[in-house]
Amino acid sequence: MKKITIFTSTALLLASLITTGYIVFKAQLRTNLALNTKVAIISEKIEKIQFNISDIYNNFMQKYKKMRRSILGEITKNPWYSPEKPVQQIVIHLKHGGMIAGKLLKKSRDKYIVEWKGEKIAIDAARVKRIERKTQKAVEWPYKNDVVVKRTNGIILDAKIVDVKKDSVTLLYLEGGGSLELDVNRSDIECLLFAPVYTRESQELETQLKRQFPKMEFYTEGNFTIITDSYSRTVSSYKRAIKNVYTNIYLKFFKLFNGRKPKRQNFVVVFDDFVDFAEYAITDGVPFWAVLGYFSPTDNVLYLFNAFGKRIEKMVFDVIVGKTGKTVDEIADEIKKRVDERYHMTIEGRVETVKDKYQAAY
């Protein structure tokens, strides 16, 4: 108890001395010019130290930001990197030995939300042993070779194409240190499939096209991407047509393409309405009335229009019935007015037959 009393008294005495000293110091500072000058010098030195510290900190932050930009620049040079389409496919290895591969939808400190077999599932982070990330190409292209053969029965032949003859294609399988050649008849080949191309140039071009055509949908099929405002049912026809053309060109010029790697993804813009195509072609200085489509070497994009769209169909039908100046339906309506209602069904049947003939010609 005595020790505590002594300690408290000492602390109070020290506080009193500090307070008294500070009051005396302030009084001297107002009257003593020499002391005032010394304090000013000390204050100036302190300010210089503060300025130097601030300068060092600012220089450090500039170097840090520069280094960060450099690192991000290296990342963006990575052939699979894209700010628009980040790597989201992951393989989660669980502690009990299981494994789940799917699309990463969301990640938090406690769990992973993954799309697995079409369903969203939550995985507790405490159950996860390690995470394996995949590149975009690995996600969307499950084959070893960049060009594979799809047979008419749906089977994919994942082998290297080594020769193309008039009636057959020769494939080379390399497995377990050995090799095996296989000839496939051209008639048994539905099409060739090509790996997507993820380069910086492709990603920049895709970003540019998304800004250019915000209302259009993007459909990627191997190494070509269709950008269109057509219905999805029509897009299936586009894909089928492009695959067939692509396959024929590749097999025809196989010796030219063999061993070469594509530099970029192929982008095809298909306008569903001919008028939209015409307006866009004019901005590129292309005479839309003289072409079915055109390739822009500056954009590296192929521009087409839906030749089977409603507007073109009407234009063709109008040309066919141009002598009367009326459409088939208008002619049928006039005939119906002149005959009894019991004949209307027959007239409609005949009209449909005529339309079918027009459609076949179209």
Side-chain angles (χ1 to χ4, degrees), residues 79 85 136-172 182-199 201-203 205-206 209 213 216-272 277 291-308:
K85 297 173 69 178
Q136 284 183 327
K137 183 177 178 181
V139 172
E140 299 181 20
W141 189 253
Y143 311 111
K144 295 178 182 178
N145 294 275
D146 286 349
V147 184
V148 297
V149 173
K150 182 180 180 182
R151 301 187 64 168
T152 51
N153 59 5
I155 294 176
I156 304 296
L157 302 177
D158 187 4
K160 184 179 180 181
I161 300 175
V162 292
D163 193 20
V164 175
K165 304 182 183 70
K166 182 179 179 181
D167 300 320
S168 65
V169 174
T170 304
L171 305 177
L172 177 64
L182 174 69
D183 286 335
V184 183
N185 292 330
R186 293 279 289 267
S187 58
D188 293 333
I189 297 175
E190 179 183 325
C191 65
L192 301 182
L193 303 178
F194 300 84
V197 182
Y198 291 114
T199 60
E201 182 181 355
S202 297
Q203 298 302 316
L205 182 53
E206 182 171 338
L209 290 169
F213 304 104
M216 290 192 176
E217 296 292 333
F218 283 63
Y219 303 87
T220 297
E221 191 81 9
N223 72 337
F224 67 84
T225 299
I226 298 173
I227 302 128
T228 185
D229 53 352
S230 298
Y231 293 113
S232 57
R233 178 171 50 83
T234 310
V235 174
S236 300
S237 300
Y238 297 163
K239 289 180 180 180
R240 190 163 53 250
I242 293 175
K243 284 179 184 176
N244 290 336
V245 172
Y246 211 146
T247 297
N248 291 333
I249 291 174
Y250 186 86
L251 294 179
K252 181 71 175 178
F253 300 99
F254 172 72
K255 291 182 180 179
L256 179 65
F257 292 128
N258 188 28
R260 293 173 180 260
K261 293 284 186 181
K263 294 181 179 180
R264 68 183 70 88
Q265 185 80 350
N266 296 299
F267 293 93
V268 184
V269 177
V270 186
F271 296 92
D272 195 59
F277 167 77
V291 298
L292 295 175
Y294 67 95
F295 177 78
S296 172
T298 54
D299 300 338
N300 288 310
V301 177
L302 178 64
Y303 296 96
L304 304 169
F305 65 90
N306 181 11
F308 290 88

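These values consider heavy atoms only, across backbone and side chains, with no hydrogens, waters or symmetry-generated copies.
Every residue meeting the side chain to side chain contact (heavy atoms under 4.5 Å, CB included) condition with Asn223, not counting sequence neighbours, appears here in chain and number order: Phe194, Val197, Tyr246, Gln265, Asn266. Ser236 pairs by the side-chain hydrogen bond (donor to acceptor under 3.5 Å, both in side chains) definition with nothing, not counting sequence neighbours. With sequence neighbours left out, the ring pair (Phe, Tyr, Trp, His ring centres under 6.0 Å) criterion links Tyr143 to Trp141. Qualifying side chain to side chain contact (heavy atoms under 4.5 Å, CB included) partners for Lys144, counting only residues two or more places apart in sequence or in other chains: Asp158, Glu175. With sequence neighbours left out, the side-chain hydrogen bond (donor to acceptor under 3.5 Å, both in side chains) criterion links Tyr303 to Tyr280, Asp299. Qualifying side chain to side chain contact (heavy atoms under 4.5 Å, CB included) partners for Phe218, counting only residues two or more places apart in sequence or in other chains: Glu206, Leu209, Lys210, Thr225, Ile227. Residues forming a side chain to side chain contact (heavy atoms under 4.5 Å, CB included) with Val245 (at least two apart in sequence, or on another chain): Ile249. With sequence neighbours left out, the side-chain hydrogen bond (donor to acceptor under 3.5 Å, both in side chains) criterion links Tyr294 to Asp284. For Ser202, the side-chain hydrogen bond (donor to acceptor under 3.5 Å, both in side chains) partners two or more places apart in sequence, or in a different chain, are Thr199.
Every pair passing salt bridge (charged side-chain N to carboxylate O under 4.0 Å, His left out) that includes a residue from residues 227-241 is listed here, sequence neighbours excluded: Glu221-Lys239. The stretch residues 184-194 participates, sequence neighbours left out, in no side-chain hydrogen bond (donor to acceptor under 3.5 Å, both in side chains) pair at all.
For the pair Asn300/Glu201, a side-chain contact is recorded, criterion being any heavy-atom separation below 4.5 Å from C-beta on. Put simply, the side chain of Val269 does not reach to within 4.5 Å of the side chain of Phe277, judged on heavy atoms. Contact check for Leu205 versus Val301: side-chain heavy atoms found under the 4.5 Å cut-off.
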Table please: side-chain donor-acceptor pairs of residues 148-156 below 3.5 Å, with sequence neighbours left out.
| unit_1 | atom_1 | unit_2 | atom_2 | d |
| --- | --- | --- | --- | --- |
| Asn153 | OD1 | Ile155 | N | 3.1 |

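Crowding of Leu292 atom CG: a count of heavy atoms from other residues, nucleotides or ligands under 6.0 Å not exceeding 12. The environment of Lys252 atom NZ is sparse: at most 12 non-hydrogen atoms of other residues, nucleotides or ligands sit within 6.0 angstrom.
Here the closest non-hydrogen pair linking Ala159 and Leu171 is CB-CB, 3.9 Å.
Between the side chain of Thr247 and the backbone N or O of Leu192 there is at least one donor-acceptor pair closer than 3.5 Å.
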